[in-house]
Amino acid sequence: MPEIVVGETATGALPAWLTASAPGDVRGWIGDRSFVAHCLALQDGSTRWWLVDDTDHGLALRQLIAERERTRFLIEASTSLLSTLNPERCMEVTARLAAKHLADAAVVVAPVAGRRLPMVLCADGEHVEHRSMAYDPATVPGLAEALRGFPPLPSRWTDPASAPEWIVPEGFGPIGSLVVTPLPGPGVPAGALLLLRSSGDTTFSDSEEECAVLFATRAGAALSAARLHAEQTAITDVLMRELLPPRLPKLEGVEMASGYRTAGDGERVGGDFYDIHRTDEVSSGHGALVVLGDVCGKGLEAAVLTGKIRNTLHALLPMADDHHRMLTLLNRALLTSHHSRFATMVLASVTRSGGGARLRLTSAGHPAPLIVRHDGTVEETDTRGSLIGVLPTLTSRTTEVTLAPGETCLLFTDGIPEAKGGPMGGELFGEARLERALAQCAGMPAEAVVERVQMLASEWVGDGKHDDMALVAITAPRGTHLTAVDGTTPGRYTG
């Protein structure tokens, strides 16, 4: 290379990129420095060049471009990682992104589950492999420490040859460089990330390891959020199974059907509830206790109090033959709790009575049940009572009703008659409209009665807001027997 001195004529051979260039600005290297040459043609036919050293400028520009690419990748990674709350899916996304942008292969290791080490491996940025076996994290340099949240070790301190085969994706080959970094979580590490490069590739630079740490921080936050959501969902499902309306037991000789709709379409539980407890075999003269109630308010808080009421009533089942005593003890329990809500309720004791059914009904601040006779007449039962959880002394009146075959008793919450809708959207469904609907259900099975009332109430409300709705229908089924006309021909069923 020629010796170039500012202000003096260059001696020796000039760089090829300079002499071979046409007049104009050109760029090239002299030694380990980068120059921009500006050309000026003189009148005597000679050419004058001005060389500007832009080595530092070019380095800064390349670093800026690399930083922009890194920032773009981290933004895209954050979007992809936060697009799912499924822990396994989040691990897969992390492995794919790391294998595609940061290394030749990536392994995401979850915290030890029992005696097994769950992990996701990816070597091509697309296909992932799940493994879960009794691996020892201590056999991988830095992995045990990363799973406990310790800072990552520089890759130059890690001997890739000592890594076991179980962290290598199938068909990857020997490891040339290895980075192990923790996946930080809020207080508890979310796992660890292993970045692998094949033996023929260059090692990880400091800037690449810094980018890996930034990516691992985002992946750890996403994994922690996904696992927390999964844990909360599992807990919620367990609690919901206790709060959701139960399946109705099959009782011999008595039909029962129920319907339930919460105030919010996205809610699974609300303030309305029902329970049916078998007290003994219906055919032996005993039967079941039907409970239908409404807790003030709606949503999760009302559902929690609903669960407490249902558990309390279940404990009071031995005194199911005394409705007033059950309601009085429940009233005391609510008054001594920290809840400020109240509840309404109706109890119905059901027993067989010949071909029909006998009911004892007691209301506590709740709409009185309605009876649908076989001729379509609708009667309101004569039972009243005070709210539960408001006054120290509870009052109630019990009435007895007999259902002939085909007749129905409907228990319902105020969400049905108070449902607003209709042509103008603000008119109440009302008890009169409910009674007219029930008059058309004479002789129907219990399930058909419930479906009919639910359908009419839903059509009335439309897309408008409404309260929780719950109803239970108790029907004494029509007795049927097979008769033969002449003793030999097929018979027919008669009521």
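- Other residues, nucleotides and ligands contribute at most 12 non-hydrogen atoms within 6.0 Å of the CZ atom of R332.
- Around CD of E145, the count of heavy atoms belonging to other residues, nucleotides or ligands within 6.0 Å exceeds 12.
- Checking T84 against N86 by side-chain atom types alone, no donor-acceptor pair falls below 3.5 Å.
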* To do: Before giving the answer on side chain to side chain contact (heavy atoms under 4.5 Å, CB included), spell out for M444 and T408 the whole-Å C-alpha distance, their side-chain angles and the decisive distance to 0.1 Å.
  => CA-CA 8 Å; M444 289 185 179; T408 297; over 6 Å; no

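- Judged by distance alone, the side chain of R358 and the main-chain N or O of T402 form no donor-acceptor pair under 3.5 Å.
- The side chain to side chain donor-acceptor pair (under 3.5 Å) with T413 is formed by just one residue from the set D294, T344, D272; it is D272.
- Between the N331 side chain and the L327 main chain, no donor and acceptor come within less than 3.5 Å of each other.
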* Determine, step by step, whether L313 and L330 satisfy the side chain to side chain contact (heavy atoms under 4.5 Å, CB included) criterion, reporting the C-alpha distance in whole Å, the side-chain angles of both residues, the deciding distance to 0.1 Å, and the verdict. => CA-CA 7 Å; L313 287 173; L330 176 62; 3.9 Å; yes

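- Among residues at least two apart or in separate chains, salt bridge (charged side-chain N to carboxylate O under 4.0 Å, His left out) pairs with a member in residues 386-405 are D382-R397.
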Pairs of donor and acceptor atoms involving the side chains of residues 419-435, under 3.5 Å and at least two apart or interchain, shall be tabulated with distances.
| from | atom 1 | to | atom 2 | distance (Å) |
| --- | --- | --- | --- | --- |
| R433 | NH1 | L428 | O | 3.2 |
| R433 | NH1 | F429 | O | 2.7 |

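- Separation of atoms CD1 (I167) and CG (L143) is listed at 8.0 Å; rounding is to 0.5 Å.
- Evaluated for a side chain to side chain donor-acceptor pair (under 3.5 Å) with T362, the options T383, T398, T381 yield exactly one hit, T398.
- Between Y274 and Y260, the two ring planes are perpendicular [angle over 60°; tilted spans 30° to 60°].
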Side-chain donor-acceptor pairs of residues 108-118 under 3.5 Å, sequence neighbours excluded:
| from | atom 1 | to | atom 2 | distance (Å) |
| --- | --- | --- | --- | --- |
| R116 | NE | S132 | O | 3.3 |
| R116 | NE | S132 | OG | 3.4 |
| R116 | NH2 | S132 | O | 2.4 |

